[in-house]
Amino acid sequence: MMRRSAEQLDDDRMLRESARNFLEARCAWMPEPRSAAMFADWHREIAELGWFAAGLPEELGGLGADSFQGLSLIEEAGRVLLPLPLATDILIMPWLMRRLPKALASLAEPLAAGRARFGIVREDVRSGGLRHMGGKLSGRGHLSLDAAAATHWVVLAGMRSVGDAALLCVEAAGAGFQPVRLLDGRSGALPRFSGSEAAVVLATGDEAIELAAEIEDRAVAALLADAYGALAAGLALTVDYLNQRKQFGQSLGSFQAVQHLMADAFCDLETLRSLALWTATALTGEPTERTRAAASAKIALGREGLAAASRLIQVSGGIAMTEDYRIGHIYKRLQVSAALHGGTESHIDKLAALSLPPTGRNEG
Amino acid sequence: MMRRSAEQLDDDRMLRESARNFLEARCAWMPEPRSAAMFADWHREIAELGWFAAGLPEELGGLGADSFQGLSLIEEAGRVLLPLPLATDILIMPWLMRRLPKALASLAEPLAAGRARFGIVREDVRSGGLRHMGGKLSGRGHLSLDAAAATHWVVLAGMRSVGDAALLCVEAAGAGFQPVRLLDGRSGALPRFSGSEAAVVLATGDEAIELAAEIEDRAVAALLADAYGALAAGLALTVDYLNQRKQFGQSLGSFQAVQHLMADAFCDLETLRSLALWTATALTGEPTERTRAAASAKIALGREGLAAASRLIQVSGGIAMTEDYRIGHIYKRLQVSAALHGGTESHIDKLAALSLPPTGRNEG
Amino acid sequence: MQRFIFEAECAAADAPPTSVFGVYLVGPTIYSFGSEEQKRRYLPGIRSGAEFWCQGYSEPEAGSDLAAVRTTARKVEGGWRIAGQKAWTTEAHFADLMICLTRTNTAVKSQAGLSLFVLDMQAPGVTITPVITIDGAHSVNSVFLDDVFVPDEALIGEVDKGWTYAKFLLNHERTNNAQVHRSRREFERLKAAAALCIGESGRPALDEPGLRRRFAIVEQKLGGLEVTVLRVLIDQTQGREPGPEASIVKIIGSQLQQAITELAMDVFGAAAVVAPEAGGGETAGWTERHLFRRVVTIYAGANEIQKTIVARSTLGLR
Amino acid sequence: MQRFIFEAECAAADAPPTSVFGVYLVGPTIYSFGSEEQKRRYLPGIRSGAEFWCQGYSEPEAGSDLAAVRTTARKVEGGWRIAGQKAWTTEAHFADLMICLTRTNTAVKSQAGLSLFVLDMQAPGVTITPVITIDGAHSVNSVFLDDVFVPDEALIGEVDKGWTYAKFLLNHERTNNAQVHRSRREFERLKAAAALCIGESGRPALDEPGLRRRFAIVEQKLGGLEVTVLRVLIDQTQGREPGPEASIVKIIGSQLQQAITELAMDVFGAAAVVAPEAGGGETAGWTERHLFRRVVTIYAGANEIQKTIVARSTLGLR
């Protein structure tokens with residue numbers, strides 16, 4: 001990000017422009033929910049555009065694109081509030097296949113072609129977590145954005161101790177979940193395991209924990225790119241609205257109070273963007289730095305991101321309270337993102353632990 | 001407060017007006033520090049006005065005035081940022097003498113006449129606390145606003161356990177302290193005890209803990225009255241300044257951004273006032289409610305109070321950064337108050353413990 | 001004051017909120033400015049709840065700026081013809097009657113030239129179109145008025161004086177909009193839920209230090225607001241109408257209402273972003289409330305408008 | 001970019017801050033707009049630190065509004081006579097030279113008609129009066145200019161074009177005012193102190209959950225600002241002058257500078273409100289910094305002005 005060559009920058013720009021053109025032409029936001037058939041069409045077309053193949057290494061038939069390019073696709077999808085989850089297939093699986101070619105190489109071509117779709121299943125501590133013992137998987141998964149439509153699940157089990165940690169690949173067809181509708185209209189799944197699911201072990205112990213940590217950080221990076229795209233589009237929309245709409249005989253945009261709320265929203269947005277960029281850069285770096293960046297970014301999503309969306313609603317007034325207007329949907333999308341992959345408060349705790357010196361206290 | 005008779009309200013108004021007249025005539029705020037001789041004069045004149053006698057019960061030669069009246073005197077003193085600490089002699093000692101007439105009656109007349117002056121000494125956990133064992137007092141006291149000028153100290157020792165708790169009265173002449181100058185120009189003291197001080201035991205065990213809790217809550221009520229007085233005067237001063245001062249060809253007060261900052265400051269101020277009033281009312285009530293009110297008020301001092309003062313500085317601009325202008329001194333006074341009798345964060349913890357239901361967790 | 005206690009008890013008992021527009025807004029307006037005939041005709045129905053009212057103030061081009069009202073009332077034989085569009089009309093689809101702000105004098109600008117009418121929602125020419133809000137629910141509407149006839153007796157007070165009456169009504173609305181009892185009740189329920197709810201770390205949510213701190217700060221602010229509202233009510237019982245200081249309780253109250261549901265979202269975590277039909281249980285209602293709650297800093301005079309009023313009227317900035 | 005790294009290293013090594021006005025503000029102005037003679041005369045002294053500069057922009061009636069500058073420069077034989085008063089002149093009492101904004105054309109209003117001069121602080125007619133600030137210290141001054149003579153060569157660039165040059169300088173000041181390195185260094189020192197300092201409950205301050213949470217939030221915001229400043233610098237290295245986005249780093253940076261010392265006040269508690277001569281030790285400097293720190297949201301274009309610039313120039317609101 002920080003220092004890309006002129007050639008890379010040109011590539012980035014072309015990729016982003018073609019993605020934006022496609023998304024605006026085919027997937028422009030509208031308030032009405034779309035059909036499952038539409039989702040399937042989109043997914044097929046996106047596969048044809050090569051979005052899933054891009055990040056795969058060349059030896060697996062990919063283009064070896066880096067995370068920045070994947071994230072810019074996700075950001076563009078965020079601009080139109082695409083209800084299709086792409087992050088795992090674009091940003092996580094190509095990287096994981098590069099890391100674990102032996103176990104996953106056979107799925108690379110199906111991923112690239114859009115036939116295989118992946119979902120991340122994290123354990124839900126609230127309901128007792130996920131255990132993998134004696135080859136059997138049991139327990140409940142946390143709310144997953146992409147498990148419902150996936151053909152394969154990447155399961156993060158027992159990550160609270162090295163002895164229990166296992167990273168698994170499970171065929172979704174044999175696994176159960178409760179489908180749920182999310183606040184922002186997207187679909188989610190609450191996975192559950194009975195012990196009868198066929199699970200391929202990808203890694204255990206320290207390796208599983210390290211991979212799981214990177215999966216989480218990549219998932220956060222994707223949430224941030226999505227949120228930034230959504231908010232940036234929302235900010236532009238709001239500027240247009242404020243310059244058009246009149247109250248007390250002036251354009252809304254000419255009121256100092258409105259201008260300052262918008263300036264605050266812009267500061268929020270730029271903080272979000274900076275932390276998203278840091279996280280993107282840190283994906284290729286040292287794990288502690290990477291996790292510190294991701295925790296900072298996730299906090300920004302929950303604080304600055306939601307604050308910016310709230311401000312856009314506030315300055316827009318009543319219209320932003322209607323289901324037909326885009327701004328409310330941006331707010332809801334961010335609210336969902338804030339709750340996924342660890343809430344804001346838990347990332348605050350995490351960042352405190354990662355950045356504060358030890359004091360020799362005893363933790364409860 | 002909430003429902004006072006018409007007669008009481010008239011009394012209140014007269015008392016407040018006479019206090020304001022005296023303070024504005026004799027103790028008007030000015031940036032230059034005042035001499036010790038001036039402080040002694042003021043103290044004598046205030047005693048002559050009957051401020052210390054007012055709260056004493058009639059049988060001890062007082063007027064039986066209630067806490068509201070005492071607090072309104074303290075609030076008025078706050079308006080001129082009076083550098084003389086009055087809270088203990090006006091609000092705490094008359095009440096304590098009523099509670100412990102046997103031990104303290106002989107000091108009532110000297111208090112009323114201004115010959116006896118009292119200071120509160122709390123233990124400083126940071127430096128090991130205060131212990132009273134075998135008739136000897138040892139350890140260090142917390143920063144005290146009024147111990148330096150006092151003839152007698154009321155010492156709160158060992159309050160962390162019923163077995164150690166002791167409320168004591170110590171003649172200041174025999175006790176040592178490190179004099180300190182406070183941020184806002186007032187004087188303070190860091191008391192220390194070597195075991196040789198003559199200490200009269202006022203109460204021990206549960207009774208000492210109960211009395212100490214009420215002393216602390218009364219001290220907080222006084223800090224709030226003082227802060228409200230200081231801020232209310234500062235707000236009025238700032239309104240005048242903003243209406244006079246021109247920038248970009250308009251009065252500063254006509255800018256929407258300035259207006260909204262001032263509206264925010266006013267909201268802060270009114271929240272502070274409401275919690276101060278609640279605390280004042282709760283002084284005569286049930287201990288848990290009283291402490292909840294005082295904790296809420298103390299949080300408001302540290303959050304809304306400092307926020308309001310910061311906003312007054314911000315809208316005033318450069319002038320508020322100078323030593324010659326009153327607004328900076330208000331900020332400094334509140335900063336000192338926020339650090340006395342428990343900081344903001346510790347009152348937040350306290351209020352959480354007082355207002356949240358138990359969860360059956362184990363505290364570290 | 002009696003109303004404060006009444007509402008505190010209602011909220012504590014989880015009673016359904018009484019019809020806000022009828023009891024608190026239309027009632028006082030008709031009581032203060034209506035004719036004897038209007039009082040006889042409408043007040044009993046408001047008191048008993050037999051007739052349900054909606055408020056026809058806001059319009060597509062006149063949200064916080066009521067002076068921009070474009071709906072017109074044209075004098076005709078025996079009455080008036082009202083034409084225009086009202087927006088954000090809460091519960092219009094249940095209402096029997098509307099208190100309708102219209103322009104009766106198009107020659108003058110802004111606040112002057114407005115009049116208040118009582119309008120029968122069953123009258124010919126009234127069309128109600130639902131507006132689905134951010135929470136996916138239907139409580140507000142657009143109301144189209146296509147030359148709706150109202151008789152002369154429907155005029156409240158005098159022609160072209162509607163702004164004075166409307167301002168009175170808005171002041172009432174502001175006090176009411178502090179919503180302090182509802183906030184207290186919601187907050188106590190949230191505390192109870194958070195003591196039981198397991199947080200992401202596996203501890204009860206109420207043991208998470210960050211959440212504890214935020215609970216304490218809401219507790220402090222809510223305590224402050226409760227006293228501030230009492231102070232306003234004491235002023236009222238001493239015979240003063242709600243003045244500009246009522247604007248503060250709307251500002252603080254609305255911020256607090258939002259802070260409470262924001263806290264709830266963090267307490268319930270992922271469970272709170274699952275839509276209600278699947279969720280239920282402890283999070284039921286919180287999510288929709290949280291979304292719809294964004295409106296409270298916008299309606300009844302956006303907080304920005306309130307702050308300008310506080311600065312100019314209360315503080316005297318100019 | 002090199003400056004970013006240079007400053008990061010200086011801050012980490014606790015080096016004394018270099019003269020801000022000379023190196024970052026006057027230097028670029030003379031380099032960009034000065035004559036060859038001026039560059040030869042002044043740039044070496046700036047680089048070596050041999051000559052110390054102060055900035056004569058603000059006046060009693062012109063704080064954030066530089067268009068209101070009243071100090072005049074009157075053309076005389078061989079030069080100009082400068083008369084007026086400058087306010088808030090930081091380090092004027094140490095300065096050898098002032099870069100002085102004056103009105104050369106009183107016929108036109110506002111921004112037009114201003115010119116920039118180099119003024120020798122030793123010249124007859126210059127009087128410096130100390131202004132003691134909220135922290136009890138002397139760093140700013142009022143400077144009275146009583147018909148001070150400057151030669152023709154003292155004019156920077158063209159007559160009446162001073163506003164253009166001053167704006168350029170202010171943009172530089174804004175970027176510099178993010179103070180990201182100083183904030184990082186201060187914050188790391190505060191963390192180390194808080195790990196050792198015992199809080200009111202008897203635990204290390206850094207174990208108090210409320211403080212931990214606030215530390216984490218500052219960490220997050222500071223991390224964000226560091227990247228934002230880098231982004232601005234990358235723009236600069238790609239040949240663009242600091243544009244309106246530089247206003248964001250001033251807004252966020254100043255808020256963060258205040259958040260850090262506010263946190264310090266709560267970490268040190270009562271020890272922080274004891275004046276320095278008695279306190280010393282771990283709190284040394286924090287208290288005064290905290291007080292003086294209120295200025296950062298006011299100076300160099302108050303944050304309210306910056307927000308208006310962001311809204312209008314960056315976002316295009318009108």
I'd like to check [X] versus [Y] (side-chain heavy atoms, cut-off strictly below 4.5 Å). Are they in contact?
X       : Y       : value
I134(D) : I313(B) : yes
F248(B) : I305(D) : yes
L183(B) : M265(D) : yes
Y299(D) : M321(B) : no
R181(B) : V274(D) : no
I132(D) : D324(B) : no
T322(B) : V140(D) : no

[X], part contacting chain B, at a heavy-atom distance under 4.5 Å:
X       : result
V296(D) : neither
V131(D) : side chain
A270(D) : both

### Message
For chain D, which candidate among A257(B), G317(B), G318(B), P31(B) shows the most heavy-atom pairs at distances under 4.5 Å?
### Response
G318(B)

[X] side, atom [atom1]; [Y] side, atom [atom2] - distance, nearest 0.5 Å:
X       : Y       : atom1 : atom2 : answer
D135(D) : E323(B) : CG    : CD    : 8.0 Å
E345(B) : S201(D) : CD    : OG    : 11.0 Å
K350(B) : E200(D) : NZ    : CD    : 10.0 Å
S310(B) : R293(D) : OG    : CZ    : 13.5 Å

Quick one: what part of [X] sits under 4.5 Å from any heavy atom of chain D, side chain, backbone, both or neither?
X       : result
A338(B) : neither
L306(B) : neither
H142(B) : side chain
L340(B) : neither
D124(B) : neither
Y331(B) : side chain
I348(B) : neither
R245(B) : side chain

### Message
Below 4.5 Å, heavy-atom pairs only: which of R214(D), Q258(D), E208(D) has the largest tally toward chain B?
### Response
R214(D)

### Task
Show your reasoning for whether side-chain contact (heavy atoms from CB on, under 4.5 Å) applies to R126(B) and C197(D).
CA-CA 9 Å; R126(B) 289 176 183 225; C197(D) 171; 3.7 Å; yes

### Message
Looking at R311(B), I'd like to know if its CZ atom is crowded, meaning that more than 12 non-hydrogen atoms belonging to other residues, nucleotides or ligands lie closer than 6.0 Å.
### Response
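For R311(B), atom CZ is crowded (more than 12 foreign heavy atoms under 6.0 Å).
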
### Query
Would one find more than 12 heavy atoms of other residues, nucleotides or ligands at under 6.0 Å from atom CZ of R203(D)?
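More than 12 within 6.0 Å, yes.
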
### Message
Please check this pair: side chain of Q314(B) against backbone of T297(D), looking for a donor-acceptor N/O pair closer than 3.5 Å.
### Response
yes

